[in-house]
Amino acid sequence: MSDTTQTIPSRQTSKAERKVIKEAIVEIVSDSGEGAQKCGQSLGAISAKMGNGVWTVEIIPAEIQPPARSKAGASGIRVRMGKNKITNMGDHADLVVALNEQVLYGRIDQEAYKPGTILLIENKWATHNEDTQKDYRESIERFRKLGYLIHEIPMEKECLKVVKDARKGKNMWVLGLLCSLYDRDLEIAASQIRYIFRKKNEEIVQNNLDLLHSGYEWAEQNLDMHFTIPGKLSDEDFVVMNGNEAVSLGVMAAGIDVCSMYPITPATSATHAMAETIESAGGIIHQAEDEIAAMGFAIGSSYAGKTAVTITSGPGIALKTEFIGLAVMAEVPLVIVDVQRGGPSTGLPTKVEQGDLLAVLYGAAGDAPKIIIAPSTIEECFHYIILARKLAESFRSPVFVLTDANLATGVQPFPRPKIKPEWFAGPIDQTPWKDEMKPYDWDADTGLSKRPIPGQKGGMYTLTGLAHDEDSHVAYDPAINQRAAENRSRKLAALGQTLKPPVVNGDAEGDLLLVGWGSTQGAIEEAVERAREKGAKVSSLHLHFLSPLEPGLKKIFEKFKKVKTVEINYSDTPGNPLITSENRRYAQLAWYLRAQTLVDIDCFSNVYGQPISPFRILNMLEKELDLTLTD
Amino acid sequence: MSDTTQTIPSRQTSKAERKVIKEAIVEIVSDSGEGAQKCGQSLGAISAKMGNGVWTVEIIPAEIQPPARSKAGASGIRVRMGKNKITNMGDHADLVVALNEQVLYGRIDQEAYKPGTILLIENKWATHNEDTQKDYRESIERFRKLGYLIHEIPMEKECLKVVKDARKGKNMWVLGLLCSLYDRDLEIAASQIRYIFRKKNEEIVQNNLDLLHSGYEWAEQNLDMHFTIPGKLSDEDFVVMNGNEAVSLGVMAAGIDVCSMYPITPATSATHAMAETIESAGGIIHQAEDEIAAMGFAIGSSYAGKTAVTITSGPGIALKTEFIGLAVMAEVPLVIVDVQRGGPSTGLPTKVEQGDLLAVLYGAAGDAPKIIIAPSTIEECFHYIILARKLAESFRSPVFVLTDANLATGVQPFPRPKIKPEWFAGPIDQTPWKDEMKPYDWDADTGLSKRPIPGQKGGMYTLTGLAHDEDSHVAYDPAINQRAAENRSRKLAALGQTLKPPVVNGDAEGDLLLVGWGSTQGAIEEAVERAREKGAKVSSLHLHFLSPLEPGLKKIFEKFKKVKTVEINYSDTPGNPLITSENRRYAQLAWYLRAQTLVDIDCFSNVYGQPISPFRILNMLEKELDLTLTD
Amino acid sequence: MIALKPDFCDVSLPDANYSMEDYSSSKARWCSGCGAHTILHSVQKLCQEEQLPPEKTVFVSGIGCSSRFPHYMKTYGFHGLHGRAFPVASGVKFRRPDLHVFVVTGDGDCCSIGAGHWVHAIRYNMNMVVMLFDNSIYGLTKKQTSPTSPMGTVSNTHPAGSILPPINPIQATLGLPNVSFVAQTADWKPAHLHATLKKAYEHPGLSFVRIVQRCPIWMKDSYEPTVKDPDAITVLDHENGIHLEDKDLKKFRHVTNHDPSDILKAREMAEVVKETTPIGLFYQNKEASRYDEYGAHNLGISTEDRIAAVNSLMDRYAI
Amino acid sequence: MIALKPDFCDVSLPDANYSMEDYSSSKARWCSGCGAHTILHSVQKLCQEEQLPPEKTVFVSGIGCSSRFPHYMKTYGFHGLHGRAFPVASGVKFRRPDLHVFVVTGDGDCCSIGAGHWVHAIRYNMNMVVMLFDNSIYGLTKKQTSPTSPMGTVSNTHPAGSILPPINPIQATLGLPNVSFVAQTADWKPAHLHATLKKAYEHPGLSFVRIVQRCPIWMKDSYEPTVKDPDAITVLDHENGIHLEDKDLKKFRHVTNHDPSDILKAREMAEVVKETTPIGLFYQNKEASRYDEYGAHNLGISTEDRIAAVNSLMDRYAI
Ligand SMILES: Cc1ncc(C[n+]2csc(CCOP(=O)(O)OP(=O)(O)O)c2C)c(N)n1
Ligand SMILES: Cc1ncc(C[n+]2csc(CCOP(=O)(O)OP(=O)(O)O)c2C)c(N)n1
Ligand code: SF4
Ligand code: SF4
Ligand SMILES: [Mg+2]
Ligand SMILES: [Mg+2]
């Protein structure tokens with residue numbers, strides 16, 4: 001085997017003509033277990049290091065080990081890399097590497113490709129057993145008809161020149177190939193490989209380096225489509241991770257002592273991400289027997305002074321509903337992270353939906369005001385947990401952080417946060433409690449009160465979910481229940497006072513305002529930008545506080561001819577049989593804003609379980625504004 | 001002891017002048033266990049038999065056995081009887097019989113009395129131990145200052161002339177006294193007593209009859225305030241019961257085979273009411289280990305063809321949330337009765353609130369359309385269960401019946417329903433399933449489909465909470481999830497089509513329209529009637545279908561200058577610190593109607609845990625319309 | 001199972017001669033080497049041997065790899081919520097004595113989130129076969145600790161090893177009231193597995209069968225030794241126990257006699273028997289009271305009689 | 001209880017000499033004659049004897065008559081949700097080794113809706129005293145059948161008598177992993193009650209005490225015979241068991257020796273001992289692993305170290 005340094009061809013000498021492009025969307029798809037994701041994550045990391053904007057998102061099959069070469073089995077990754085910041089997974093792929101042709105069908109159903117998309121397909125199936133050959137040929141035909149540009153690549157064959165077991169190394173060979181096609185720095189690629197395999201022995205590392213170079217070389221020699229994506233290198237430190245990893249770091253950086261959870265997709269990986277480290281960061285993970293217990297345990301811990309976090313998804317929220325009511329009623333500070341997935345019921349467990357907003361707002365019986373915030377970027381997933389703990393304690397309230405499967409699995413680089421001591425929960429207050437002060441000493445203007453913590457002399461009280469007075473004594477006088485409810489509601493109004501009206505992206509007035517929340521910000525703003533370039537009078541607004549709502553919305557809405565939310569959840573499509581404006585089921589934010597502002601807010605939403613792409617939004621805008629916006 | 005027939009003084013000979021009145025509100029309050037409720041129920045039954053309109057409601061202390069002579073211990077009953085139909089508990093009591101003076105304080109806090117209310121108070125406390133004497137005197141003084149007309153009555157003393165243990169019989173002596181004051185037919189009273197004590201021995205019966213007559217006689221001789229309430233006797237058969245008893249009869253008359261429940265106040269008494277009879281009516285009660293299991297059991301039974309009912313209250317609904325999502329997703333017919341109580345959390349377990357509407361509408365993650373109906377009278381509590389089962393099966397959907405603690409404990413006579421065979425669930429379909437038909441063979445226009453029932457040959461399918469296609473196969477194609485969601489939503493629209501726009505009570509246009517749902521109908525319509533008599537241009541609308549909503553609401557609303565809901569749940573009071581129209585928390589129906597109709601709907605609501613009285617509504621109308629409506 | 005008189009007219013006999021195909025639907029999507037495959041096969045074989053009419057057979061499960069089971073049967077199925085298979089199955093059976101009900105649940109599904117229902121299902125003792133697929137791990141959600149994970153199990157929630165001793169499902173079940181059938185077997189001992197399921201099916205009441213199940217994806221290390229080591233298992237043998245052909249019994253090195261009528265001894269046996277895992281029938285009591293018999297005691301009441309009953313209650317409120 | 005090093009500076013000693021008044025708040029609102037009154041008194045006495053600082057003592061309960069308990073103590077209290085006392089109490093204790101935690105639960109609260117948490121609380125074996133107020137009925141909701149109601153109990157949900165055998169909380173608990181202390185006593189045997197609570201308090205781990213409790217309002221008939229009949233109770237006696245003064249022990253007609261280290265024998269004893277109800281210590285194991293020790297193992301880490309740890313993980317994502 002040749003030694004690395006020699007085999008790196010200096011890019012200058014490369015024969016291929018390199019086309020400068022603003023961005024590229026690349027997919028690597030395969031059966032699960034073929035390392036496509038590792039390949040894509042590496043490509044993303046390399047590009048980020050080269051100063052490109054990057055967004056990668058994994059393509060996950062529904063089963064642990066789906067049948068090989070099956071439509072449902074598509075496992076892989078999409079990497080979107082560009083000259084500028086990338087905020088979403090984009091539209092159709094420009095180039096796809098497929099380790100078998102069958103897995104492509106799933107992606108085609110999901111409209112991931114367009115005519116002109118380049119497919120690089122492993123060609124070993126052309127010489128495989130009869131049935132497979134037949135399938136392969138037929139597929140290649142169909143793909144051609146669909147207008148894809150197909151290249152059949154001898155991946156296995158080439159890998160076997162370098163290693164004995166191709167299945168194990170093909171992904172790094174593909175990485176090499178992509179490095180050639182997109183002009184990725186091989187030094188950086190090599191160090192990335194060394195990092196990935198840091199725990200493996202030198203031989204394995206060397207094998208993978210050889211595969212990298214073999215793939216690179218092969219592409220240099222045999223392919224004639226070479227691009228380059230200029231990147232602006234910055235000397236700022238960056239980190240690259242997905243939203244669940246960001247949440248897990250946020251939990252530790254908030255100094256949260258207890259993470260009480262029960263496994264559920266797509267939330268669990270947030271716990272996995274911190275499991276090894278949290279104990280040295282002063283916290284512990286409690287895997288409870290179920291979500292009800294996870295919530296009760298967190299509430300108990302918070303009651304005892306250690307504000308806890310619980311992380312779950314829709315079905316878990318449903319089970320926590322009763323405890324949510326208690327946390328509101330007894331004013332227990334607590335952070336609840338809801339990584340939303342497709343519903344109702346078990347629904348689409350691995351797919352994205354923004355379907356829990358109303359459930360979190362109104363799930364519990366009676367009036368149960370609580371704080372709800374929604375990060376819209378990976379970076380915010382980190383900072384909002386720190387914010388959530390502070391809000392929970394200042395407002396003596398449960399705080400919901402709504403993310404979703406799109407943020408949970410989307411990977412994006414962002415400036416490395418400098419961890420600040422003031423982010424961490426301080427030691428719990430154990431100084432004696434002021435005798436005259438009551439456990440619910442509601443402030444007349446803000447409804448706020450200070451809570452006694454077990455261990456505080458003289459602060460003894462019995463927390464209860466029953467209607468209670470300032471002393472936490474069971475209320476017999478009917479006036480108390482009304483008064484207490486007013487105080488709990490007032491806390492939200494008081495928080496609302498401290499918020500600024502949100503800033504409109506684009507002009508402050510126009511034909512159409514798109515309103516979004518959570519993971520859709522990148523796609524919405526990209527679509528708006530592209531539409532505005534083509535002269536559309538469209539702007540967008542993205543909400544981060546959902547309860548209380550950010551102030552001044554009605555004023556903002558009134559400046560636009562039309563207001564429409566863009567959400568990933570269900571709404572009746574106008575024109576569907578029997579649907580009228582009066583009986584229409586609106587998307588969740590739209591519905592909430594209509595009630596609060598009385599503005600006739602329309603919505604664009606669906607439950608395909610996919611992130612909404614800028615392209616879909618542009619399509620909608622074309623109809624809405626009748627303009628041609630997509631090329 | 002004198003024999004009954006002789007001692008009945010013919011009313012003609014009675015010295016007292018009888019004032020003819022349209023109605024009277026009487027309360028009997030005591031420590032629990034003194035039989036005040038039995039006394040009041042009898043008075044109600046007697047009056048109903050005499051052709052009067054009647055509404056009785058129990059006054060229940062929070063504890064099983066609260067301390068004697070305590071404010072929190074008030075146990076008793078209110079009886080409102082009138083010339084015409086009575087639909088609610090009314091405003092302030094006209095006359096109160098108190099077996100001790102302390103229990104009156106609780107009622108006074110609840111504003112049950114007004115200056116001029118007559119209090120008949122047991123005077124034995126005046127000669128009891130020192131402290132008690134003191135308390136008694138002080139109270140009498142305070143009551144006088146509050147403008148109540150006080151009569152101190154030697155109840156115990158008089159009873160002891162007839163029986164040895166006064167505590168056991170005082171309630172029937174009081175009944176006699178009230179029969180005298182309100183000109184109740186003693187024959188009917190006597191037969192009522194014989195009915196109540198039908199299981200007791202003759203001596204007990206005779207004792208109580210003697211007490212009845214002794215009380216009557218004493219009042220005839222010693223009191224000079226005698227009234228008569230003309231009643232229109234009808235030869236129609238009547239039954240008198242509370243809303244939970246009506247629900248229990250509805251369950252049996254619907255031919256529901258399985259009532260799967262877990263005890264919770266105020267719902268449990270519905271189960272108690274049917275427990276003895278349901279097995280001979282072909283059903284069984286399953287007391288599950290918790291509400292989740294009660295719901296799962298009901299769903300299992302419904303899946304197997306036996307549409308079941310589960311009866312609960314707020315905290316139970318919270319626990320059932322996840323299963324509700326499954327029932328919607330998998331389209332399982334099922335009846336869920338929610339007897340609403342004060343929330344959030346454990347809240348006010350014995351008190352009324354209309355606080356579960358939004359939780360039932362939006363509690364489950366994702367989009368979960370279901371049918372929700374709300375009876376507004378005791379009689380409707382019976383018929384709506386029968387309706388609910390039919391709807392559940394026709395629309396293959398869970399159906400919620402929302403009642404509340406007010407309906408659950410309110411007692412009202414209504415024409416005895418003639419039980420019809422067609423109300424009963426037929427035998428389950430076990431004929432072979434049409435091969436070509438799929439288990440979710442959604443009709444394109446209505447979203448409806450026929451379900452296979454285990455036992456049907458060829459109908460085998462696996463129900464799942466995962467997104468599924470027409471075959472109930474797990475959905476991998478993203479389009480399926482959208483299609484299925486549309487079909488589930490369409491079912492509601494289809495049902496909506498079959499509904500007529502609701503009828504306005506009063507003129508179809510005017511200054512103000514009050515909108516209500518559930519137990520408040522009687523109070524709202526009485527207030528509207530009284531206000532209209534005084535020239536107010538106010539009408540009211542009462543909704544019985546909450547999902548889907550009854551059609552044509554926006555049209556109706558637009559005919560009024562202002563629309564306002566009247567509800568028993570929380571809303572921010574305009575003018576409260578920090579509350580604006582944009583951040584205001586609206587009453588639940590108001591909030592829902594605003595979103596759906598965009599009409600600026602205001603709300604009048606509170607969480608005092610009390611039924612809203614016509615008087616409170618009139619007060620509100622006075623401010624709203626600035627008129628003087630209350631005298 | 002004892003099928004009580006159904007409450008409707010259809011009394012036609014099941015078509016004779018169902019074949020294996022009549023019970024198998026789409027290809028099972030478990031990982032290759034997953035113990036669930038062998039259990040599925042054994043269950044289908046049982047259905048075929050007993051000629052269960054597919055339309056009279058219902059498989060109820062929760063959520064998990066194991067709970068996908070009903071999708072692979074061509075009978076009626078209910079793939080419900082995580083931890084809730086028991087209440088659903090009880091509801092299905094309550095008024096339908098004519099249905100053959102099977103419950104498929106996982107160690108997380110049954111012993112963690114479903115623990116409360118497990119306790120009460122045993123107490124209800126309704127006539128059904130419960131199969132606990134115990135792979136000692138959360139499979140579907142990708143390797144978190146389960147309540148039956150051996151202490152020290154390295155998982156994604158306990159990378160340094162789990163800290164609590166595992167629940168022993170057999171011991172726990174033997175502590176519950178009205179328990180009537182408790183057995184243990186292993187997916188890689190097909191003869192014993194099948195004999196156990198057959199015995200469970202024949203039992204009048206709730207038969208609780210813990211099936212030690214291989215999960216090659218997440219638990220290779222923990223099960224492989226057991227599978228390979230001929231000393232790892234002790235068979236509980238008795239004339240009233242699980243019946244194995246001699247040739248099959250001979251395959252086991254360790255065989256102990258245990259009388260399944262003796263619950264005290266059963267609790268002793270439930271602990272690991274000298275370093276080995278006991279398989280066989282721990283306890284059986286055919287006399288335990290059955291909630292499904294109560295559920296079926298008043299079926300088929302005529303509408304006339306129902307109306308009469310409603311009216312009799314209505315009379316109490318008459319005035 | 002073993003109080004581990006607290007994770008904050010306040011290390012001042014509890015004020016000496018707390019009196020009974022320091023533990024009693026408002027008048028208990030249970031019915032007169034309710035067994036809960038005697039238990040409350042015994043607990044307050046225990047707190048006083050052990051001089052527990054009220055601010056370091058937390059009573060956690062669910063919902064029910066019994067669960068009103070915390071309101072009547074002048075300590076910290078948590079009157080939570082029906083069936084959920086265990087998870088809340090576990091959360092309170094997890095990171096607060098300095099707190100003395102007591103759980104008050106009812107037979108419906110613990111054995112019905114709370115059964116799943118009960119199973120797992122026993123397994124966690126966190127250092128706390130659990131008092132199951134077992135009146136064999138749903139008291140607060142006015143007489144519905146509870147899982148511990150004797151078969152045939154006439155209740156508002158089963159007017160013709162309940163149809164299932166009751167759960168035996170002792171037997172069920174003895175079947176669970178990591179169980180470390182299981183005792184039974186009766187509210188009307190004050191000396192035995194108090195000695196049992198004392199022993200439970202001293203136990204390092206979760207001590208599960210079932211207190212047979214009188215409910216004169218709903219269950220007069222079922223408990224009165226037991227209370228009156230001197231033959232109704234058998235005391236389990238042992239040097240390592242519940243310690244009674246001779247004069248108190250003499251009051252019992254039936255006394256049997258039982259070694260609380262023998263779990264097999266304990267399970268035998270847990271069944272009714274020849275027509276009588278056994279009271280005493282069934283089982284104790286001070287060595288069982290404790291989840292609260294795990295919960296306290298990394299307290300008091302400095303902010304600097306926390307920051308370092310976060311950064312170390314952040315490094316993995318650095319590019
Ligand atoms: C309410 C709820 N909580 C959590 C989950 C996520 N979840 C699905 S399966 C599972 C556990 C699977 O483990 P087990 O029951 O042992 O079944 P296995 O996959 O091992 O067969 C969990 C936690 C869920 N689907 N619903
Ligand atoms: C989620 C929920 N379900 C039901 C109830 C109603 N409830 C209150 S206490 C109780 C049971 C009381 O019985 P037990 O636990 O034995 O306590 P006891 O009153 O007998 O002391 C029930 C069902 C509730 N408060 N919350
Ligand atoms: S993960 Fe384990 S249990 Fe699940 S299917 Fe694969 S092998 Fe079987
Ligand atoms: S009802 Fe029973 S348990 Fe409840 S307080 Fe009264 S006596 Fe005690
Ligand atoms: Mg498992
Ligand atoms: Mg009880």
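Quick note on labels: first sequence line is chain A, next is B, and so on, each numbered from 1.
For chain B, the nearby part of Tyr124(C) is the side chain; its heavy atoms alone come within less than 4.5 Å. At a 4.5 Å heavy-atom cutoff, the contact between Pro413(B) and chain C is made by side-chain atoms alone. Within the 4.5 angstrom heavy-atom criterion, atoms from both the backbone and the side chain of Ala273(B) approach chain C. Using a 4.5 Å cut-off between heavy atoms, Phe414(B) makes no contact with chain C at all. Contact annotation for Glu276(B): only side-chain heavy atoms (C-beta onward) come within less than 4.5 Å of a heavy atom of chain C. Interface residue Ser312(C): only side-chain heavy atoms are found under 4.5 Å from chain B. Heavy atoms of Tyr195(B) lying under 4.5 Å from chain C belong exclusively to its side chain. Ser260(B) does not touch chain C: none of its heavy atoms, backbone or side chain, sits under 4.5 Å away. Contacts of Phe424(B) with chain C are made by side-chain atoms alone, with heavy-atom separations under 4.5 Å and no backbone atom involved. If you measure heavy-atom distances from Ala298(B) to chain C, you find no contacts under 4.5 Å at all. When heavy atoms are compared at a cutoff of 4.5 Å, Val310(C) approaches chain B by way of both its backbone and its side chain. Interface remark: Ser302(B) contributes no atoms to any contact with chain C (heavy atom separation under 4.5 Å). Proximity to chain C involves both the backbone and the side chain of Ile453(B), based on heavy atoms less than 4.5 angstrom apart.
Between chain C and the options Pro439(B), Ala294(B), Gly283(B), the largest number of non-hydrogen pairs under 4.5 Å is found for Gly283(B). Ranked by non-hydrogen atom pairs under 4.5 Å with chain B, the options Val119(C), Asp305(C), Leu81(C), Ile301(C) are led by Leu81(C). For the options Tyr76(C), Phe59(C), Tyr317(C), Phe78(C), heavy-atom pairs under 4.5 Å to chain B are most numerous at Tyr76(C). Looking only at heavy-atom pairs under 4.5 Å with chain B, the residue among Val58(C), Thr75(C), Thr303(C) that has the most is Thr75(C). Your options are Ala304(B), Ala281(B), Ser301(B), Gly282(B), and the one with the most heavy-atom pairs under 4.5 Å with chain C is Gly282(B). Among Lys74(C), His297(C), Met73(C), the residue making the largest number of heavy-atom pairs under 4.5 Å with chain B is His297(C). Comparing Lys420(B), Glu289(B), Met329(B), Gln456(B) by heavy-atom pairs within less than 4.5 Å of chain C, the highest count is held by Glu289(B).
With contacts defined as side-chain heavy-atom distances shorter than 4.5 Å, the pair Ile419(B)/Met314(C) qualifies. Inter-residue side-chain proximity for Arg68(C) and Thr462(B) is flagged as unmet; no heavy-atom pair is nearer than 4.5 Å. Contact check for Phe323(B) versus Val88(C): side-chain heavy atoms found under the 4.5 Å cut-off. Residues Met460(B) and Glu55(C) meet the side-chain proximity criterion, which asks for heavy atoms closer than 4.5 Å. At a threshold of 4.5 Å between non-hydrogen side-chain atoms, the residues Gln430(B) and Lys56(C) count as touching. No side-chain heavy atom of Ile307(C) sits less than 4.5 Å from a side-chain heavy atom of Lys418(B).
Taking CD1 of Ile278(B) as the start and CG of Leu313(C) as the end, the distance is 10.0 Å to the nearest 0.5 Å. We find the CG-NZ distance between Leu299(C) and Lys306(B) to be 6.0 Å, quoted to the nearest 0.5 Å. We find the CG-OG distance between Asp471(B) and Ser26(C) to be 11.0 Å, quoted to the nearest 0.5 Å.
Within residues 235-246 of chain B, the residues having any heavy atom less than 4.5 Å from a heavy atom of chain C are, in residue-number order, Phe238(B), Val239(B), Val240(B), Met241(B), Glu245(B).
Closest approach of Ile319(C) to Ala45(B), counting heavy atoms only: CG2-CB, 4.4 Å. Gly455(B) approaches Leu99(C) most closely through the heavy-atom pair N-CD2, 4.3 Å.
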Stepwise side-chain contact (heavy atoms from CB on, under 4.5 Å) check, His117(C) with Ile292(B): CA-CA 9 Å; His117(C) 308 308; Ile292(B) 296 175; 4.1 Å; yes

Chi angles and distances behind the side-chain contact (heavy atoms from CB on, under 4.5 Å) call for Asn311(C), Arg416(B): CA-CA 10 Å; Asn311(C) 276 321; Arg416(B) 176 175 180 141; 3.3 Å; yes

Can Tyr294(C) and Ile284(B) be said to form a side-chain contact (heavy atoms from CB on, under 4.5 Å), step by step? CA-CA 9 Å; Tyr294(C) 169 65; Ile284(B) 303 192; 3.6 Å; yes

Test Arg306(C) against Trp423(B) for side-chain contact (heavy atoms from CB on, under 4.5 Å), laying out the working first. CA-CA 11 Å; Arg306(C) 287 174 179 249; Trp423(B) 289 350; over 6 Å; no

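Between the side chain of Arg96(C) and the main chain of Pro454(B), a donor-acceptor pair closer than 3.5 Å is present. In this structure, Ser280(B) contributes its side chain and Ala309(C) its backbone to no donor-acceptor pair below 3.5 Å.
In the model, Glu322(B) has no side-chain atom that pairs as donor or acceptor with a side-chain atom of His82(C) under 3.5 Å.
The six-membered or imidazole ring of His120(C) lies away from that of Phe297(B), with a centre-to-centre distance of 6.0 Å or more.
With sequence neighbours excluded, the residues satisfying side chain to side chain contact (heavy atoms under 4.5 Å, CB included) with Pro432(B) are Lys457(B).
Using bins of under 30°, 30° to 60° and over 60° for the plane-to-plane angle, the ring pair Tyr291(C)/His286(B) lands in the tilted bin.
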